[in-house]
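Right, one structure below, let's go through it.
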Amino acid sequence: MAAASLPAAQPAPLRAVRRFLSSYGLILVLLAMPVAFGIQDLRTEGDLSRLANNLLDGLSNGSVWALVAIGYTLVYGIVELINFAHGEVFMIGSFVAAGFFGTIGLTAATGGAGLVLGLLLTLVLAMLASGVLNTMIERVAYRPLRNAPKLAPLITAVGFSFILQNVGLLWRGGSQQSIIDLVKSQKELFNVFGVSVTNGDALAVCVTIPLVLLMTAFIAKSRLGKAMRATAQDPDAARLMGINVDTTISATFMIGGMLAGAAGLIYALYQTTVWYFQGFTAGLIAFTAAVMGGIGNIRGAVLGGLIIGFIQQLSDNRIGTQWTPAIVFAYLVMIMVFKPSGLLGEETREAG
Amino acid sequence: MSPEQENILEAHGVTKQFGGLTAVNDVSFAIPQGSIVSLIGPNGAGKTTFFNILTGLYKPTLGRVAFSGKNITAGRPDKIMALGVARTFQNIRLFGTMTAIENVMVGQHARMKAGLFGSIFRPPWVRGEEQRVRAKAAETLEYVGLRSGVHDQLATNLSYGDQRRVEIARALASEPRLLLLDEPTAGMNAQESESLTRFMQKLRDDFGLSILLIEHDMRVVMGVSEHVTVLDHGEKISEGEPQAVRSDPQVVEAYLGKQEAERQRAEQEGAV
Amino acid sequence: GDDDDEGGGGGAASPDAGGTVTVVSSLPLQGAQRPQTTDMVKGIRLALEQVNNKAGNFTVKYESKDDSTAQAGTWTPEAVSQNARAAAQDESTRVYIGEFNSGGSAVSIPILSDAKLPQISPANTAVGLTSDEPGAEKGEPTKYYPSGFRNYVRIVPKDTIQGAALATVMKKDGCTKVAMANDKEVYGAGLSRNIENSAKEQQLDIIFNEGIDTKAPNYRSLASRAKGQSADCFLFSGITSNNGVQIFKDFAAALPEAKLYGPDGVAETGFTDPKEGGIPAKVAERVKVTVATLDPASYPEEGKKFFSDYEAKYGEANPNPYSIYGYEAMRLALDAIERSGTGEREDVVKALFDTKNRQSVLGNYSIDENGDTTLTDYGVYDIKDGEPSFLETVKAGA
Amino acid sequence: MPELPRNVRIALTVAVIAFGALLPLFVEGGGGFIDDATLALAYVVMALGLNIIVGFAGLLDLGYVAFFAIGAYTMGYFGSLFHINVNGGEGLHVLVAGPAAELPGIHANFLIIVVLAIVATTVAGMLIGLPTLRLRGDYIAIVTLAFGEIVGRIAINGDEIAGFGTKLTNGRQGITPVDKIDLPFSEPFTALNLRPWYWVAFTMVLIVLFVNFRLRDSRLGRAWIALREDEVAAVSMGVPLVKTKLLAYGTGAAFGGVSGAFLGSYLNTVNADQFQFAFSIFILAMVILGGLGSIWGVVVGAIALSFINNRLIPDVLNDVPERIGLDFDLTELSFGIFGFLLVIMMILRPEGLIPERRRQLELGEGIEDLAKTGDDDDPVYQARVP
Amino acid sequence: MAMLEVDEIRTYYGNIEALKGISLTVDEGECVTLIGSNGAGKSTTLRSISGLTPPRLGDIRFEGENITRTPPAEIVQRGISQSPEGRRCFPRMTVRENLDMGAYLRRDKEVGSDMDRVFDLFPRLKEREKQKAGTMSGGEQQMLAIGRALMAKPKLLLLDEPSMGIAPILVERIYETIAEINEQGTTILLVEQNANYALSVSSRAYVLETGAVAISDDSATLRSNPDVQKAYLGG
Ligand SMILES: Nc1ncnc2c1ncn2[C@@H]1O[C@H](COP(=O)(O)OP(=O)(O)OP(=O)(O)O)[C@@H](O)[C@H]1O
Ligand SMILES: Nc1ncnc2c1ncn2[C@@H]1O[C@H](COP(=O)(O)OP(=O)(O)OP(=O)(O)O)[C@@H](O)[C@H]1O
Ligand SMILES: [Mg+2]
Ligand SMILES: [Mg+2]
């Protein structure tokens, strides 16, 4: 029998619209703002340098988010926990770094090898501090709840996020604290076609990209990476493979924390301001980025972080900073509508 | 199968592709009213996929499905269920934190009327409905052979075999006209499989239920079905009466294996 | 206290008056405003300690209440109304110092007005709480006093005055295109509206006045918008803890030539001193801030004494500017209790509104019939060695 | 644990209700206790509403504050001076007496406002629910969170949006004051006598409790659990996905709206700063701490957290150093303490203060008990602390 | 000394006693079958041996050492691998990655050739090397689960209903393989419902009933036991 084609449930034009939307809707959504603004710029200013500057700012800001988001998504992927404390671990990393600058005598005048060496040392310290802190939180607040209802660790995470914020508050007070500008973050490094690239931009991008490549390779290739993925997907089966699930989870928190620490340092260098509350915002953005890209997917988290960076800068520049969070979230909702499992999320067989 | 018998389900040219893989390829198929029909084939032949198309979980790439004359292609699963098509799952999908009896009560969702306000104010008719549904669920569980002692246990706490029974009960309780069973005897021993075979026949005889069965246990397939369709690589490779299909060389080659065919033959002869 | 010579009637307390009365303060002790409010409480305590807990014949007890919650991190209506109600219920409470936020006072005034409990705000600047002058919403201020009883006074000038002062300074400095940002708080937004109004009068071009997201990590894109529109001055109308430091740094970087301005909300070392996390010296060079307090040198003795006493007690030479308002709020409360004679709430209210020509740490002021202070002079400060340093006085509205 | 006979359970329920209802008569009418209690009851209403969404239907909602906001703004729009120019400054008055009847602006009877709030939040709940229908697990969480934040942002920035001669919101300035509740056959409420407020809140709680219990053991309740457990299986068993999920969002949201309208009036303000993410988390913590899906658990969780937040930390703990003669400011540790308490409570009782029945079963506790119970629609059965 | 000794173990799920004192032994090189009706406790026995649900009472010894409370990962390290009930493949990993996971603890060079062996046994897996396991059909996943357990190259292999959901033609192949690897020296403990094949490859068998051992005997003897025939062999 000839295969009858699909019964017409909808009139043809509607169907075409739907099909078009489902395949290109996402792209339309993502490009809407830049394209609209680009056209506007061409009309009013005659060139695209304003847009290009926005996008560059977005890229560097987004790189910082991406760094926070990778650590977030790693932990998220493995224990399926919305880790509200992650942002605070990142904040502590920033504080440690900012505090250490003074300790080892880095000043705005330090340059060249001294600066590089000092920063590397700080990096190690910040990563260690945040890594250990994160592992400790896991041990104290999440591990005892391994068999509890899935949402129970969410509350301990919130609890720890409060505790750490309080630590930050006691440490550096309630206002934003300006710290020394070691890398002359806002100083122009070079300028192409009216796009001004600053030291901060270069730093953020140059640190993020290698780290992302490294992490992706690590998760895909290394034994620990494999163990992490297996544990994430089915802990009992992972045990049957000879994987020590507790150790793996600890290691994941360690790595996640270390990434947060690295991000903390970059953030401190890039913004030259630290604040006890910075982790809350960063955590929320990292969560958003992780989900936008597809939970547990590292490249997705990076993509999510960058997209958020772009949206934020475009919106700050054109629409108004007070609306920026709302616009970021509106974008998120639209992306979720078109890609329910995130931009790079994997769909698995659901039926049967 | 007499020609004047009405078909309760007809599928025409159903095709389903996943990316580059064609899981079901242009399969046409019919289930006569009140009959038991089996769908067999090697692993990955597309049987479960076909089920998922019939029940609305997958949208076929091509093709059309009609249930008692109504087009249900890519219809909403819950609507298809409400029309009278109930199913079980190959990988058992019970509601883990519900008790066995509650699971079966959910199966009757489409047959109940209480809405939001009915549920809140619980007028007498809603009370009556609840009682009826609960009683029916208990009865169905007994019917599939689940001891009353475990009716109030959570589904996750049941053993594999018992979970299968609850699943069948859950499907049955909705009083379907067509029952789709995906490897119902997996995880059951020979005796249990046999009683399930008899049970299917009884369902058909008592309630005029039509059954579509996916099964790898040839003893069950041979024992119960009036008609067998064989899929391989998504295509229909053979179809007909069980005996005929069983000796179809293509089926032996792709699915049964020489040894199994041999054994079947021996058994058959022994039994006669 | 030695500021009662002008108050009159202080010594005339009826012989049977006396006993213990309570003054409560209700301030957000959690979250972003904590730095201001804790120094304020310190100022309050200092004031009370200096008079040995005495106001005339009354022994004064002080109770510090928190109008924020840990969970919210800022003032909450729940906490404000709870504090107001508790104060109203407690017979011994005679003065209520608060709230810090104008929005909070909008909640507590109606409750306290019903209970005829005198209220002194050390920080509210929203116009509409006391008067219906431009800047107030329709229906203000009567809607806050449902029974018609005015119980509320404040010791900080309302926004109209500082707005004019800032506009004047910018005009004088030769600004032509001003980029403005405000923190959207009642204080910051209200003040920025007043600055805009005054700027218009003085033909200053405000290219934008952006309400910022105070939790944003940076404002580089916003600053680059100002650059795109060739702004030559930048003004942030808000408080330090609403990301004041970051926004100044970002605008300073994007507009290397521009002059930068801020209101009293940023006139504190947390903003001016890099050692305390304030803006870097390079940026500070370009900043001017206005404060209702004048040059410490031109302060009355009282004022100088405050700073030295504060340092003696708490070891901080440069407290948050709000500490002095806390101090003065308590001083005024004590003074009014003493002047009231009976210490009864209605009498204290009357005494508050009767405050005339009071010599205080803030300078010489009276309370007008709306409950506003008559202080109008603003000091313009620039920043030297991480500290605000007095430049000149501007006459508001000039 | 021995099973309580049915009539004992009924007696116990009646006793609890009577105790709750009569409580205000024994305390100061304007005191801190009744204030805390009234707030706690308002939170109980929200927590039970959220419990329907998260506990029953398993849809992790991190944006519940949106419904609080919408309920409160309904109160603000229809019971304050917000629309001061309406009717040429004369005001519109619908079945109100007392001071409100004289004022400009729109002033409707509280009961009407409640109905409007229910309608508004139900619709909002469903709208927010729509984009989450295809989503799974935590993807739902972020989308609801997003909506909560968007609503919060609109509240804060609404003063920039104007139309029809009015602003959308009053921004951070807030809408103040708000009409007091004015019920038929009673004196208008006042800010200083809190007893009537308490009783209104108490009545709301009784209603939500009733609805929660009825829904839990109903066709709809089962459908929610089924969807929460396995969506594919549930739809294959005839549970309509869209309708069932939206009903959960809608009902849960409605209670948030009712409570929001009440709080708007009770707190005398509708202030944009209240509608922050932290509030969603606060309510969610009540639900999880109490015991996800467990009705009495959520009640206890809400009361406990509300007490910790509004009384224990600000008033009890913060006074401790002063009382024992230390010059130490505990307020600077407040949210650390709050966080610490959350962590400790959760670790000590991972299943929640009063775990849901299913949870107990899953742990293999008390299966024999349950087998005997048979009928468990009686609230008191759940009240037993295991 | 037997390779595996299970001594009077009692395993609980919460308060439910699933195993009420089960004892059994498996000698080195042997193939032993567990049969029993639904809920008898077969899977629980295997889970207990692997350490997933450690018994509350009783002892399990492997190669003379007590492993009753040893964590699962270490038990695998000692040489016990399991193909669990319900397949439990890693759904978002590809077929090949799943097989790699099976050899997680191995560091020898023969992993590659063992993989080829699995591919020989199940050509479908080779064909779908890059497919995500979660999208495979039930039977395909079962193949993968067995293959994955084989990849560990264990001393003792635990198989929980390996033929479940497998087409007849493959069941043959699987049992041929079981017999083959058993001959090559791998000890096997097998749980099966359809005991025909199982009893034909195993030397001894235990029949479990409601958490206890009801019969234990030679496979051949059991096959001719009328009760067993009726219940498990469809006789
Ligand atoms: N979502 C999917 N994505 C990609 N491939 C799929 C998907 N679902 C099924 N397949 C493939 O389609 C084919 C048919 O699968 P199906 O589950 O229908 O087989 P089956 O006949 O039920 O097999 P079995 O007897 O093993 O259960 C299989 O090869 C399977 O790997
Ligand atoms: N996770 C669990 N929680 C509680 N009880 C359980 C759990 N798993 C199994 N049980 C109970 O333990 C007993 C033994 O179950 P088990 O799965 O070992 O049986 P089985 O012999 O493998 O049966 P089947 O042939 O059906 O797989 C059963 O009574 C079952 O109800
Ligand atoms: Mg199948
Ligand atoms: Mg089993």
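Chain letters run A, B, ... following the sequence lines, proteins first and then strands; every chain starts at 1. Remember, it's a predicted structure, so these values are computed and weren't measured experimentally.
Residue A:Gln313 touches chain C through both its backbone and its side chain, counting heavy-atom pairs closer than 4.5 Å. When heavy atoms are compared at a cutoff of 4.5 Å, A:Tyr267 approaches chain C solely by way of its side chain, counted from C-beta outward. With a 4.5 Å cut-off on non-hydrogen atoms, A:Asn53 does not touch chain C at all. If you measure heavy-atom distances from C:Lys215 to chain A, the contacts under 4.5 Å come from both the backbone and the side chain. Neither the backbone nor the side chain of A:Ile180 comes within contact range of chain C; no heavy atom of the residue lies under 4.5 Å from a heavy atom of that chain. With a threshold of 4.5 angstrom between heavy atoms, C:Lys249 approaches chain A through its backbone and through its side chain. Residue contact with chain C, scored on non-hydrogen atoms closer than 4.5 Å, is absent for A:Ser49. Looking at A:Asp181, neither its backbone nor its side chain comes within 4.5 Å of chain C, counting heavy atoms on both sides.
Distance CD/A:Gln322 to CG/C:Asp183: 12.0 Å, rounded to 0.5 Å. Rounding to the nearest 0.5 angstrom, the gap separating the CG atom in C:Asp213 from the CH2 atom in A:Trp323 is 12.0 Å. A distance of 8.5 Å separates OH of C:Tyr219 from CG of A:Asp316, quoted to the nearest 0.5 Å. For the atom pair CD (C:Gln30) and CG (A:Asn166), the distance works out to 8.5 Å, reported to the nearest 0.5 Å. How far CZ of C:Arg220 is from OG of A:Ser185: 4.0 Å, rounded to the nearest 0.5 Å. C:Ser221 OG to A:Asn317 CG: the interatomic distance, rounded to the nearest 0.5 Å, is 4.5 Å.
Residues A:Thr321 and C:Ile212 share a closest heavy-atom pair of OG1-CA, 2.9 Å. Residues C:Ala253 and A:Gln186 approach most closely at CB-OE1, 3.3 Å, considering heavy atoms.
Here the side chains of A:Ser175 and C:Phe271 are not in contact, with every heavy-atom distance at 4.5 Å or above. With contacts defined as side-chain heavy-atom distances shorter than 4.5 Å, the pair C:Arg225/A:Arg318 does not qualify. Using a 4.5 Å heavy-atom cutoff, the side chains of A:Ser178 and C:Pro280 are in contact. Two residues are said to be in side-chain contact when any heavy atoms from C-beta on lie closer than 4.5 Å; C:Val245 and A:Gln177 fail this criterion.
When A:Val64, A:Thr272, A:Thr324 are compared by the number of non-hydrogen pairs under 4.5 Å with chain C, A:Thr272 comes out ahead. The greatest number of non-hydrogen atom pairs below 4.5 Å with chain A, out of C:Leu222, C:Asn218, C:Thr214, is found for C:Asn218.
Defined by atom type and a distance below 3.5 Å, a donor-acceptor pair is missing between the side-chain atoms of C:Asn242 and A:Gln176.
Counting non-hydrogen atoms of other residues, nucleotides and ligands closer than 6.0 Å to NZ of A:Lys187 gives a total of 12 or fewer. No more than 12 heavy atoms of other residues, nucleotides or ligands lie within 6.0 Å of NZ in C:Lys227, so this atom counts as exposed by the packing criterion.
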